[in-house]
Amino acid sequence: MDTSKELLFFFSALGVFNGIILSVYFFFFTKKKFLTNYFLGALLFALSIRIGKSVFVYFHPTLPRLYLQIGLTACFFIGPFLYYFLKSAVAEINIMPKSWKLILLFWAILIITVGIIFPYEYYPKLWRGYFIKIIYFQWFVYVVFSCYTIKGILAKIINRKNKTTPAEKWFGMLFLGNFLLFLFYFLAIMGAPAATYISGAIVFSILFYLIISILLYRKRTDDLFLLNGPKTSGKKIDSVEATILSVKLEKIMIEKEWYKNSNLSLQDLSQELNISSHQLSQFLNNNLNKNFTSFVNEFRINEACKIITSNDKLTLESIGYDVGFNSKSTFFAAFKKHTGTTPLNYQLQALQA
């Protein structure tokens, strides 16, 4: 291996190692725990494993085929982690929905089962032929979903007339970096001229060191994970506008029963009202003195109380799910917070009345 290749190997491998270290940082050591932190950590970890495979196999082709299987298995999670990372930020989701957990579990069971039944060591043609196409098609689908999720941010970045926030630039850069990674690997698989696996490792290393530079340059980084920025000041929305918003909200929440959607987000509600997430958050916090979660949970608890008093055949857990909660513990905690008593005590009081 000549000096140029040794340097290329060194910086690519160093990028992979540091990527794993940074993923651990996002998982365990960030001051504020956002769901985006965890998905970014998971994304960096999956990318590091995938890139690590490319680096070592490129410079040492005789490595066991198990490394190829591990790399492609990690590749299977890059798309989902990228999408959920962006979706959790855009929709201001800080508790992972049950549907996301089930989808990730499905992908994990699928790729692990396939790896056990058809190990790369004994079925290399199957992996190189069919499996790799399926893996990259899945990655491509999630890249498209991710692009659609942040289309508004990308439009602002492209159209320089609109000023972008640091968070928007951050998310745009991370999406672009992942898109380029996918593109280089896809072109390498298709046998495009001058496209090799090591190109993806180089792109990853550049992206990684850009991330490090931003984190070191900025004195505070919490705002990078909040696309809609910190909560607004105490300024209230005009009374006329507030009244109109209240009526619209009441109609949406009661008549359309949007609170029953367990994945309902601030962005979903703001889009239905045809206002920005910022405006809705300001209205809830400053005019109603409630955050988004408390506002939605109030409707859920009111509905739960009606069901408890009118139907003693349903279990409390099923009632919680029916009114929009993701878990029994979340329902019980919210119920006690809003009513001052537990669902069971409330049910007993209703039966005695």
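One is the number of the first residue; the rest follow in order along the sequence. Everything numeric here is computed off the predicted structure, so don't read it as measured data.
- Around CZ of Phe145, the count of heavy atoms belonging to other residues, nucleotides or ligands within 6.0 Å does not exceed 12.
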Report task. Carefully, step by step, assess Arg50 and Ile78 under the rule side-chain contact (heavy atoms from CB on, under 4.5 Å). Result -> CA-CA 9 Å; Arg50 177 65 182 88; Ile78 295 173; 4.0 Å; yes
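- Ring pair Phe182/Trp139 is perpendicular by interplanar angle, where above 60° counts as perpendicular and below 30° as parallel.
- Connection of Leu266 to Leu288 is established within a shared hydrophobic cluster, with ILVMFWY side chains joined at heavy-atom distances below 4.5 Å, either directly or through further cluster members.
- Under the 4.5 Å side-chain criterion, counting only non-hydrogen atoms from C-beta, Ile308 is in contact with Leu316.
- Grouping the Ile, Leu, Val, Met, Phe, Trp and Tyr side chains by contacts below 4.5 angstrom, directly or via other members, places Val141 with Ile150.
- Checking side-chain atoms of Thr330 against main-chain N and O of Asn326 turns up no donor-acceptor pair under 3.5 Å.
- In this structure, CG on Leu72 lies 10.5 Å from CZ on Phe131, to the nearest 0.5 angstrom.
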Please output the side-chain donor-acceptor pairs of residues 99-122 that fall under 3.5 Å, not counting sequence neighbours, one pair per line with the distance.
unit_1	atom_1	unit_2	atom_2	d
Trp107	NE1	Tyr142	OH	3.0
Thr113	OG1	Ile109	O	2.5
Tyr120	OH	Arg128	NE	3.2

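- With hydrogens and angles disregarded, no donor-acceptor distance shorter than 3.5 Å links the side chain of Ser294 to the backbone of Asn291.
- When every heavy atom of Ile70 is checked against every heavy atom of Ile49, the shortest pair comes out as CG2-CG2, 3.8 Å.
- By the 6.0 Å contact criterion, NZ on Lys290 is enclosed, its count of non-hydrogen atoms from other residues, nucleotides or ligands being greater than 12.
- Val323 and Leu344 end up in the same hydrophobic cluster when Ile, Leu, Val, Met, Phe, Trp and Tyr side chains are linked at under 4.5 Å.
- Remark: Phe331 CZ to Phe325 CZ distance equals 6.5 Å, nearest 0.5 Å.
- Here the side chain of Gln138 pairs a donor or acceptor atom with the backbone of Phe76 at under 3.5 angstrom.
- A cation-pi arrangement is absent between Lys328 and Tyr321 under the rule of less than 6.0 angstrom and at most 45 degrees off the ring axis.
- Summarising the geometry, atom OH belonging to Tyr38 is positioned 12.0 Å from atom OG belonging to Ser88; distances are rounded to the nearest 0.5 Å.
- When atom types are taken as modelled, the side chain of Arg300 and the backbone of Tyr259 share a donor-acceptor pair closer than 3.5 angstrom.
- To the nearest 0.5 angstrom, Leu273 atom CG is 6.0 Å from Leu245 atom CG.
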Query raised in the report: Going through the distances and angles, do Phe292 and Leu269 end up as a side-chain contact (heavy atoms from CB on, under 4.5 Å)?
Result: CA-CA 10 Å; Phe292 173 73; Leu269 203 52; 3.8 Å; yes
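- Under the 4.5 Å side-chain heavy-atom criterion for Ile, Leu, Val, Met, Phe, Trp and Tyr, Leu40 and Met173 are members of the same hydrophobic cluster.
- Between Lys336 and Thr341 the shortest side-chain heavy-atom distance does not fall below 4.5 Å.
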Query - Verdict with supporting geometry, Trp127 and Ile132, side-chain contact (heavy atoms from CB on, under 4.5 Å) - result: CA-CA 6 Å; Trp127 280 84; Ile132 198 169; over 6 Å; no
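- Although no hydrogens or angles enter the test, the distance criterion places no donor-acceptor pair under 3.5 Å between the side chain of Ser318 and the main chain of Leu314.
- Looking at Asn297 and His338, their side chains come closer than 4.5 Å, going by heavy atoms from C-beta outward.
- Here the side chain of Asn287 pairs no donor or acceptor atom with the backbone of Leu284 at under 3.5 angstrom.
- Between Ser146 atom OG and Tyr84 atom OH the span is 10.0 Å, to the nearest 0.5 Å.
- At least one donor-acceptor pair under 3.5 Å links the side chain of Asn302 to the backbone N or O of Glu298.
- No more than 12 heavy-atom neighbours from other residues, nucleotides or ligands sit within 6.0 angstrom of CZ on Phe45.
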Requested in this report: Test Phe175 against Ile153 for side-chain contact (heavy atoms from CB on, under 4.5 Å), laying out the working first.
Outcome: CA-CA 11 Å; Phe175 170 78; Ile153 297 171; over 6 Å; no
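- Crowding of Phe179 atom CZ: a count of heavy atoms from other residues, nucleotides or ligands under 6.0 Å not exceeding 12.
- Identified under the ring-ring contact (aromatic ring centres under 6.0 Å, His included) test for residues 299-318, with sequence neighbours left out: Phe295-Phe299.
- The heavy-atom pair separating Phe81 from Ala42 by the smallest distance is CD1-O, 3.5 Å.
- At distances below 3.5 Å, at least one donor-acceptor pair connects side-chain atoms of Asn178 with backbone N or O atoms of Leu174.
- The shortest heavy-atom contact between Ile135 and Cys75 is CG2-SG, 3.9 Å.
- Note: Phe171 CZ to Ile157 CD1 = 11.0 Å, rounded to the nearest 0.5 Å.
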Requested in this report: Take Lys256 and Glu272, measure what salt bridge (charged side-chain N to carboxylate O under 4.0 Å, His left out) needs, and give me the verdict at the end.
Outcome: CA-CA 11 Å; Lys256 296 187 177 182; Glu272 179 69 13; 2.9 Å; yes
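- Listed here is the closest heavy atom pair of Asn263 and Pro97: OD1-CB, 2.9 Å.
- Among all heavy-atom pairs drawn from Gly172 and Leu154, the shortest one is CA-CD2, 4.5 Å.
- Tyr148 and Leu43 sit in two unconnected hydrophobic clusters of ILVMFWY residues. Membership requires side-chain heavy atoms under 4.5 Å apart, directly or through other members.
- At least one side-chain heavy atom of Tyr83 sits less than 4.5 Å from a side-chain heavy atom of Thr149.
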